[in-house]
Protein chains: 2
Amino acid sequence: MTTFLASYTNGIDKKGRVSVPASFRAELANQSRQVIVVFASPDEPFLYAWGYDDFLKFAEGIKKLPPMSKERQRLGRSILAAARPLPIDGDGRIVVPEHFVGKAELNSKAMFAGQGDYFTIWNPETYESQLGDDLPYYEQDLEALTAWELE
Amino acid sequence: MTTFLASYTNGIDKKGRVSVPASFRAELANQSRQVIVVFASPDEPFLYAWGYDDFLKFAEGIKKLPPMSKERQRLGRSILAAARPLPIDGDGRIVVPEHFVGKAELNSKAMFAGQGDYFTIWNPETYESQLGDDLPYYEQDLEALTAWELE
DNA sequence: ACCTTTCCCATAAATACCCATGGACTTTTC
DNA sequence: GAAAAGTCCATGGGTATTTATGGGAAAGGT
């Protein structure tokens, strides 16, 4: 099972390239294609990123819905069509499309945050302030976690 | 398994030609015929497009209905009879028939939206406004999906 | 013969590929 | 134990390839 841990901040060069952290690349090595599938949530200021196979598993869930149902159409549009497979080049870098740069307000640096089976990409400053916003929820979230585990 | 991801906007020239996005062509490479099977949604302003083999499999579902049932006849008319295989030329382009141009209100640009095992073709502006209409359903659709996945 | 459709080639821009550098950290050597 | 050598990684820049797209030539239909 893929597990992305830790966080890293790398520079975005003038061609729009960023190095994917080496430890994340190692984690992706046994996926069938060396791409990360990135998508911007419609209502959050960061990018989601999956290994190819792991994203496909997610997509399979959508494909199982009735092919032309309204639900499936919407999920297809907001997730499948919104996603983009970004190939990792020989030097371990991806090119972040202009559209995503805008969504996550990236400028010179990109922050990669491990989230277990996926990771997220942030403007470093946005991430810092998010951490502050998270703080008040910490205790109550922890409780939710242990409750879940005990089931 | 075919999986179309991401979305791309390409121009329609005065001969009615549009480039099929390269990543979609790559996805179609292992189909037995290099055509995309297109039909217009009867009640919505866009076109459905499938790889040849995948459309056949989809059509099997219709063929399985009782041969002379009303349902089967209607689906036969709105999907099988309405569908049209469009060959992909040597440069990776298709010619969009006049009839489809009307149905999807295409003029100078066509938007290709990956939907998993098929993709849809839109007027870019129509698509944008559709995304806006989708937004309110996003959270609830996601929940339905994960509920489905956990089964 | 004319109009339409298909095929073929040309070009510019975007993308992918290749190699080089410098820094941090490890390992080896004396 | 300190210096030297080696490794891995992020990053910069140049070059080759691919892609979208325009136009013209050939082929087909009426």
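Naming: A, B, ... by sequence-line order, numbering from 1 per chain. Small disclaimer: the values here were computed from a predicted structure and weren't measured.
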### Task
To the nearest Å, give me how far apart CG (Asp13(A)) and P (dA20(C)) are.
19 Å
### Summary
When the rotation axes relating C1' atoms of four end pairs to the next four are compared across the helix from dA1(C)-dT30(D) to dC30(C)-dG1(D), five pairs an end, they differ to 10° by 40°
### Query
Glu98(B) has an atom CD; how far is it from atom P of dT4(C), in whole Å?
12 Å
### Message
Check the phosphate of dG13(D) against Arg93(A), side-chain N and O only, distance under 4.0 Å to OP1 or OP2. Yes or no?
### Response
no
### Query
Using 30° and 60° as the class limits, which term best fits the ring planes of Phe46(A) and Tyr48(A): parallel, tilted or perpendicular?
tilted
### Task
Send over the distance from Asp89(A) CG to dG14(D) P, rounded to a whole Å.
17 Å
### Message
Counting the atoms with a prime plus P, OP1 and OP2 as sugar-phosphate, which does Asn10(A) contact under 4.0 Å by heavy atoms, base, sugar-phosphate, or nothing?
### Response
sugar-phosphate
### Message
Assess whether a salt bridge exists between Glu71(B) and Arg74(B), defined as any Lys/Arg side-chain N lying under 4.0 Å from an Asp/Glu carboxylate O.
### Response
no
### Task
State whether a side-chain donor-acceptor pair under 3.5 Å links Ser41(A) with Lys103(A).
no
### Distance-only polar pair, side chains of Ser19(A) and Asn10(A), donor-acceptor under 3.5 Å
no
### Base dC8(C) paired with Asp91(B) side chain (donor-acceptor, <3.5 Å)
yes
### Query
Which value, rounded to the nearest 0.5 Å, describes the distance between Leu106(B) atom CG and Asn123(B) atom CG?
6.5 Å
#### Entry: Sub-4.0 Å heavy-atom contacts from residues 15-23 of chain B onto DNA chain C, ordered by number
Lys15(B), Arg17(B)
### Message
At 4.0 Å (heavy atoms only), tell me whether Gly90(B) reaches a base, stays on the sugar-phosphate, or touches nothing.
### Response
nothing
### Query
Are Asp91(A) and Lys15(A) ion-paired here, with the side-chain N under 4.0 Å from a carboxylate O?
no
### Task
Round to the nearest Å and state the distance from Lys109(A) atom NZ to dA10(D) atom P.
12 Å
### Task
Whole angstrom is fine here: how far is it from OH in Tyr8(B) over to P in dA14(C)?
16 Å
Which pairs would a plain distance check flag for residues 126-140 of chain A, meaning a side-chain donor or acceptor within less than 3.5 Å of a matching protein atom at least two apart in sequence or in another chain?
from	atom 1	to	atom 2	distance (Å)
Ser129(A)	OG	Thr126(A)	O	3.2
Gln130(A)	NE2	Asp134(A)	OD1	2.9

#### Entry: Length of the line joining Phe24(A):CZ and dA10(D):C1', which is rounded to integer Å
15 Å
#### Entry: Euclidean distance, atom CD1 of residue Ile94(B) to atom P of dA20(D) [Å, nearest integer]
12 Å
## Note on the structure
Taken to the nearest whole Å, CD1/Ile88(A) to P/dC17(C) is 12 Å
### Query
Do the side-chain N and O atoms of Thr2(B) and Asp54(B) include a donor-acceptor pair separated by under 3.5 angstrom?
yes
### Query
Step by step, would you call Phe4(B) with Phe112(B) a ring-ring contact (aromatic ring centres under 6.0 Å, His included)?
CA-CA 10 Å; Phe4(B) 298 105; Phe112(B) 297 76; over 10 Å; no
